[in-house]
2 protein chains.
Amino acid sequence: MSEPVSRPSGRSAAEEALLDAAERLLVEVGYAGITTRKLAEAAGVNHGLVHYYFGSNENLLVRALERFTDGLIARQQALYDSDEPFVEKWRTAMRFLVDDDAAYEKIWLELQALAWNDPSLRTRLAHVTAEWRRVLTDAFREPHRQLEIGMPLEALVTLVITFNLGIIVERLGGIHTGHAELLEWIDGWLSS
Amino acid sequence: MSEPVSRPSGRSAAEEALLDAAERLLVEVGYAGITTRKLAEAAGVNHGLVHYYFGSNENLLVRALERFTDGLIARQQALYDSDEPFVEKWRTAMRFLVDDDAAYEKIWLELQALAWNDPSLRTRLAHVTAEWRRVLTDAFREPHRQLEIGMPLEALVTLVITFNLGIIVERLGGIHTGHAELLEWIDGWLSS
DNA sequence: TCCTCTCTTAGACAGATGACTAAGTCATTT
DNA sequence: AAATGACTTAGTCATCTGTCTAAGAGAGGA
């Protein structure tokens, strides 16, 4: 027999390797280029294991999405939970945003593109975005008051989230025009 | 013989129908779900015509991209070229942005997602974005001065382009939180 | 009328793909 | 040492996919 088991004790190395391979392939070829055999090859395991551990190719991507988004929320929490002053948090976040290594962002947006055509995945991503919004709203409450920003807090958070997302998308398309200028002006404005 | 001909006089109805079908399928199933036979079926033509007119599936998508981006630039030009006051132009643009029918935006972002994994397509899209930036820079030059906006023009244009793009991406993911609040505040601020 | 050229059709073909399975291996338990 | 159960392998199978081709339809000109 070789039926998928009810998640025994510890995850096998192969299972983790396949999820890692999924993330790597999302970066390298995008979700549309991911096949059972490519996954297995990238993970260095037999291609039958995709069925053994995940049942199907699609399910593997769902699991990869869940693992990735769990990590994403934790990472965002950690950034804004620290004791640093707000300006430092902002600078760290913006440094991540324009980092040369866009692997994390590529995975995130490939998963979003996948979800555009899969309503069940959209639910999961909507939850992550809501969590992200919550974290940012908390983080911006104090600076929003202190810096006397005209617009309502919710509008400010929306603006920050969306322009960040837009920068990521442009960068994935190879466009960098104006990004540095915008971020530098914001940085200078925060410092004053 | 059935070799692709050197674009005779007028395009056949089938050729147009295939390009139309490509756009419809981008909206309905995304680029990854587009196959030769689905294209032909959606266009109501024989699947052999994909090879006859475009040589390959991929080439058809490239042609669809070219046709779409041509229209996109024209549409953007037309919006900001009109004689209306700036506020009206802005309102029209924002109405398009949050329109219930996101077909146009879906096509645009599916093509971008396709380009993330295809360097040659990226060049084409980068050109469109550059053109869009040029149009917006012209349109914002006067209001930027009159409204005494603190940040440099280039930073402002970047902010507008990226937060618009971010809103589109969020909407494709089914997220609408805060969009109306942000746009309403901007609208109010412009009116004052 | 016949011929030419464009357009269309149906189908062939190799290769890839997702899903699945029988037969193993191997460590741990009894 | 035997048995158990998790893990792995190599391979099968039906289906789909992209590409290409031979054959024909039909319009317009000679």
Side-chain angles (χ1 to χ4, degrees), chain A residues 1-22 24-26 28-65 110 114 117-118 120-121, chain B residues 1-22 24-26 28-65 110-111 113-114 117-118 120-121:
Chain A
M1 290 304 109
S2 57
E3 269 305 295
V5 211
S6 58
R7 195 86 64 77
S9 49
R11 287 175 183 167
S12 95
E15 197 177 358
E16 290 289 312
L18 279 170
L19 292 174
D20 291 344
R24 249 177 298 134
L25 285 178
L26 282 174
E28 289 167 18
V29 298
Y31 76 89
I34 293 186
T35 66
T36 310
R37 286 163 179 83
K38 270 193 212 161
L39 272 168
E41 194 196 342
V45 304
N46 187 278
H47 74 272
L49 296 185
V50 172
H51 173 253
Y52 182 72
Y53 283 110
F54 302 94
S56 74
N57 207 336
E58 189 187 333
N59 227 289
L60 194 158
L61 278 181
V62 172
R63 290 275 305 280
L65 177 143
E110 283 287 344
L114 179 59
N117 303 294
D118 184 332
S120 66
L121 291 186
Chain B
M1 292 301 107
S2 57
E3 269 305 295
V5 211
S6 57
R7 196 84 66 79
S9 48
R11 287 175 182 168
S12 95
E15 197 177 359
E16 290 289 312
L18 280 170
L19 292 174
D20 291 343
R24 249 176 298 134
L25 285 178
L26 283 175
E28 289 166 18
V29 298
Y31 76 89
I34 293 186
T35 66
T36 310
R37 286 162 180 84
K38 272 193 210 162
L39 272 168
E41 194 196 343
V45 303
N46 189 278
H47 76 272
L49 295 186
V50 171
H51 172 253
Y52 181 72
Y53 282 110
F54 302 94
S56 75
N57 206 336
E58 190 188 333
N59 227 289
L60 194 158
L61 277 181
V62 171
R63 290 275 305 279
L65 178 142
E110 283 288 344
L111 291 173
L114 179 58
N117 302 295
D118 184 333
S120 67
L121 292 186

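Protein chains get the first letters and strands the later ones, always in sequence-line order, with residue 1 at the start of each.
dT8(D) atom P lies 13 Å from atom CD of Glu16(A), rounded to whole Å. When the P atom of dA22(D) is taken as reference, atom CG of Asn46(B) falls 16 Å away, rounded to whole Å. Residue Leu39(B) contributes atom CG, which lies 17 Å from atom P of dC16(D) at whole-angstrom precision. Protein atom CG of Leu49(A) is 15 Å distant from nucleotide atom P of dC20(C), rounded to whole Å. For Glu41(B) and dA10(C), the CD to P distance is 14 Å, given to the nearest whole Å. Spacing between atom OH of Tyr52(A) and atom P of dA23(C) amounts to 18 Å, rounded to whole angstrom units.
Separating the CG atom in Leu61(A) from the CD atom in Glu110(A) is a distance of 10.5 Å, to the nearest 0.5 Å.
Residue Tyr53(A) places at least one side-chain N or O under 4.0 Å from the OP1 or OP2 atom of dT8(D).
In this structure, the salt bridge (Lys or Arg N to Asp or Glu O under 4.0 Å) partners of Asp20(B), at least two apart in sequence or on a different chain, are Arg67(B). Applying the side chain to side chain donor-acceptor pair (under 3.5 Å) rule to Asn59(A) yields no partners; only residues at least two apart in sequence or on another chain are considered.
The two atoms that bring Arg63(A) and Tyr53(A) nearest to each other are NH1-O, 4.2 Å, heavy atoms only.
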Practice prompt. Might you work through the side-chain hydrogen bond (donor to acceptor under 3.5 Å, both in side chains) test for Asn117(A) and Glu28(B), ending with a clear yes or no?
Written response: CA-CA 8 Å; Asn117(A) 303 294; Glu28(B) 289 166 18; over 6 Å; no

Report, one line per pair, each donor and acceptor closer than 3.5 Å where one atom sits in a side chain of residues 31-49 of chain A; sequence neighbours left out.
unit_1	atom_1	unit_2	atom_2	d
Thr35(A)	OG1	Lys38(A)	N	3.2
Thr36(A)	OG1	Asn57(A)	ND2	3.2
Lys38(A)	NZ	Gly33(A)	O	2.9
Asn46(A)	OD1	Gly48(A)	N	2.8

Find every protein N or O atom lying less than 3.5 Å from an N or O atom of nucleotides 17-19 of chain D, and list the pairs.
unit_1	atom_1	unit_2	atom_2	d
dG18(D)	OP1	Asn57(B)	ND2	2.6
dG18(D)	OP2	Thr36(B)	N	2.7
dG18(D)	OP2	Thr36(B)	OG1	2.9
dG18(D)	N7	Arg37(B)	NH1	2.8
dG18(D)	O6	Arg37(B)	NH2	2.8
dT19(D)	OP2	Asn57(B)	N	2.8

